Each structure stands twice: as structure tokens, then as C-alpha cells.
Amino acid sequence: MPELPEVETIRQVLIGKRAGEPSLLGQTIIGSSLFWSRTLATPSPDVFKSFVKGRTIVDVNRRGKFLIFILDEGYLIVHLRMSGDLRKASNLGSPRTVEPVLPHDRAYLHFATGWGLAFNDPRKFGRLWLTPDPQQVLKHLGIEPTDPQLTPEEFHQMLHTARRQLKPLLLDQSFLAGIGNIYSDEALFQARLHPRRTSDTLSETDSAELLIAIRHVLELGIQHNGASIDWVYRGGAFQNYFQVYQQTGNPCPNCGTPIERIVISQRGTHICPHCQTLQPEKN
DNA sequence: AGCATTACCCGCACGC
DNA sequence: TGCGTGCGGGTAATGC
């Protein structure tokens, strides 16, 4: 379920930033349960279990679509991929429990307070890493879209250096970290740019508007607690504000032309064929 | 050579 | 029942 806004929403819920939510901060882990071993990218289950026991959660950060649990020693990194979810629960049992509470529960952390954290992931694409050095996992990531150091001039330069189709470029986590299929479609629509447009054909104005659009849709997503689509992830409302994503056949909010669905890089892509032209406009 | 692009793959649930 | 689709991304093959 995760793009940057959904992951950020989950982070805020986990650290108790939302009213009435208990916080993971300060919780001591008394043990763990693992129901699907491939959920654990590294280390081995035995090393994981012995190391994580007794650790305290100091903070929870986010980088791109990754969640980073800062422990008193080491880091637990989580990527939810397509269908992963994290939930706080008081019914996870003890570390000796072997039966998952819910279908598709893949791993638990059990806290000294009696409750715990469950990682649920129907499609089994999500991964956990326990590492002494987060850079081992995160080093390939590009800049955060909201980083103030990312100026319009810098972004324009990046687009011209890359020389790639805009949509696959925005989905490339080494270019910008955190954008996925929904927010790339929404940002490209807001900037009135065709997803197949080559990145080095953008004018300085185009680049600046794309950066504004990216930041705007991400911020809007966070404001609405992310998007809830399909059967995964609950609580978000950004799906009610989609302009083009999953709007195939519906009128473009800008010009009324029916939204079209095309496929780029194996990903469903939604555009207004009238507002988002492939060729740069001639003056 | 070195990119950029494309194909395929990975479990599972859901809608048509 | 069967098929297409999917909030992701790694790897391998192919193309320029």
C-alpha cells in the first residue's frame, strides 16, 4: 500500500502522532515471531530473533518508501512493497506463539508492555532488514522530493541529465525517493505533461511546474492520510481526490475529455489525452 | 561500453 | 472458471 504519503501516514500513527494512538517510542522488544521467513531480507531468522530481543525502539523515521526503526542498537528497516501493512495490536500473544492472529501476518515484534507490532502482507513482497548500517539498504535512493536542497534549477538539471521518459523516471527510486504509480500519474497530470515525454525536452518552466506538482500531490496525499484502494490499507481518503488515477473514462477535471489508461513500463498509466500532449507545444 | 527500455517474476485477492 | 489487474522493484534480456 505504500507510496511516500501512505508510508508517512503509517509512521505518524506508529509514533503516536495521531490522537489516541499509543506510541512505539520507548517500547522494549521482548521477542519476535516469524511466520514467513522470506519476509526477512537479512539477517538469518536465528540472528534476527536473538539480536532484536531486548532492543528498545528509539525513533521511527522514513526515507522514500522505507520505514526505519532506530533501535538502541542497530536499525530495523521495513519496505511494505505492494500489500504490506503494519499494525499495533494487543492480542499477538507471546514470542512462543506460532499461530498468526490474522491471515497473511508474516512477523511480530512483542513488547514488554504486552502489545506488539504486526507485519501483514498478503502478497509477500514486503521485506524487513535488521542492520547496523541503514546505508546498506538505502544507499541507492535519490533525494527526497520535499528536500529544500532540491531547487527548481537542480531538478531541471537532473531531468536533462537523465534523458528518460518521465513516468519511468519518476518511478525510479534512485531519481527521487518515494513516488509510486498513483502520485506520478497525478503529478504529471497536474503539470500537464505526457508520461512518455522525454525528460530533457522540458523547459525550465516545465521542470519547475513538475516539481511543484510532485510536492503538491504528495502533500495532499499526506493531508488525507494517503490513498485507500483495492482491498488493502484502510483509513486514507486521498482516493476521493484522484484527478486521473483510476479515472479511466471519466471526464478530465480540466477539459472534460475522457481519461485514458495506457501501459508504460508494465504499469497502468492514466492521462488526459488532450491536456497531456506528447510533443512539446510549439510557440 | 554504457545507457535506456522491455520482459519477466514474485503471492495473493478481487472484479468482471 | 478464467483472466486481467495491481499503492513495487530486482534481475535479465534486448535495443540504441
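Computed from a predicted structure; not experimentally measured. In what follows, every heavy atom counts, from backbone to side chain, and hydrogens, waters and symmetry copies are set aside.
The separation between A:L171 atom CG and B:dT5 atom C1' is 14 Å, rounded to whole Å. The distance between atom CD1 of A:I264 and atom C1' of B:dA4, rounded to the nearest whole Å, is 14 Å. What separates CZ of A:R261 from C1' of C:dT5 is a distance of 7 Å, to the nearest Å. As rounded to whole Å, 11 Å separates atom P of B:dA4 from atom CZ of A:F175. In this structure, CG of A:L4 is placed 11 Å from P of C:dG9, rounded to the nearest angstrom. Between A:H270 atom NE2 and C:dG6 atom C1' there is a gap of 10 Å when expressed in whole angstrom units. Computed from coordinates, the A:D172 CG to B:dA4 P distance equals 9 Å when rounded to whole Å. Atom-to-atom, CH2 of A:W129 to P of C:dG10 comes out at 8 Å; the value is rounded to the nearest Å.
For the pair A:H79 and C:dG8, the criterion of a side-chain N or O lying under 4.0 Å from OP1 or OP2 is not met. For the OP1/OP2 pair of C:dG9 and a distance below 4.0 Å, the side-chain nitrogens and oxygens of A:H140 include no atom meeting the criterion. OP1 or OP2 of C:dG8 has at least one side-chain nitrogen or oxygen of A:R267 nearer than 4.0 Å.
For CZ of A:R215, the number of neighbouring non-hydrogen atoms (other residues, nucleotides, ligands) closer than 6.0 Å is greater than 12.
No contact: A:G126 has no heavy atom under 4.0 Å from any strand. Contacts of A:S228 with the nucleic acid, taken as non-hydrogen atoms under 4.0 Å apart, include base atoms. Residue A:R127 is classed as having no contact, given no heavy-atom separation below 4.0 Å to the nucleic acid.
Of the possible polar contacts, one joining the A:D121 side chain to the A:G126 backbone as a donor-acceptor pair under 3.5 Å is found.
Under a 4.0 Å N-O distance rule, the pair A:K167/A:D185 qualifies as a salt bridge.
Under the stacking definition used here (centres under 5.5 Å, planes under 30°), the residue A:F125 qualifies as stacked on the base of C:dG8.
Checking A:Q136 against A:Y75 by side-chain atom types alone, no donor-acceptor pair falls below 3.5 Å. Side-chain N/O atoms of A:T131 and A:D133 include no donor and acceptor closer than 3.5 Å.
Judged by Watson-Crick or G-U wobble contacts below 3.5 Å, the nucleotide C:dA13 has B:dT5 as its partner. In this entry B:dC14 has C:dG4 as its Watson-Crick or G-U wobble partner, both defining distances falling under 3.5 Å.
Each of B:dT6, B:dC12, C:dG8 was ranked by its minimum atom distance to the side chain of A:K65; first place goes to C:dG8. Between C:dG8, B:dC10, B:dA7, one nucleotide has an atom nearer to the side chain of A:R38 than all others, and that is B:dC10. Side chain of A:H104, nearest nucleotide from B:dA13, B:dC10, C:dG8: B:dA13.
Here the separation of B:dA1 from C:dG10, taken at their C1' atoms, is 23 Å to the nearest Å. Taking the P atoms as reference points, C:dT1 lies 24 Å from B:dG11, given to the whole Å.
For A:R62 and A:F66, the positive end is not near the middle of the six-membered ring at less than 6.0 Å and at most 45° from its axis.
Positionally, the nearest nucleotide of DNA chain C for A:R123 lies more toward the 5' end than for the other of A:R123 and A:Q173. Comparing A:K124 and A:Q165 by the nucleotide of DNA chain B whose heavy atom lies nearest to each, the residue mapping closer to the 5' end is A:Q165.
Syn is the classification of B:dG11, since its glycosidic angle stays within 90° of 0.
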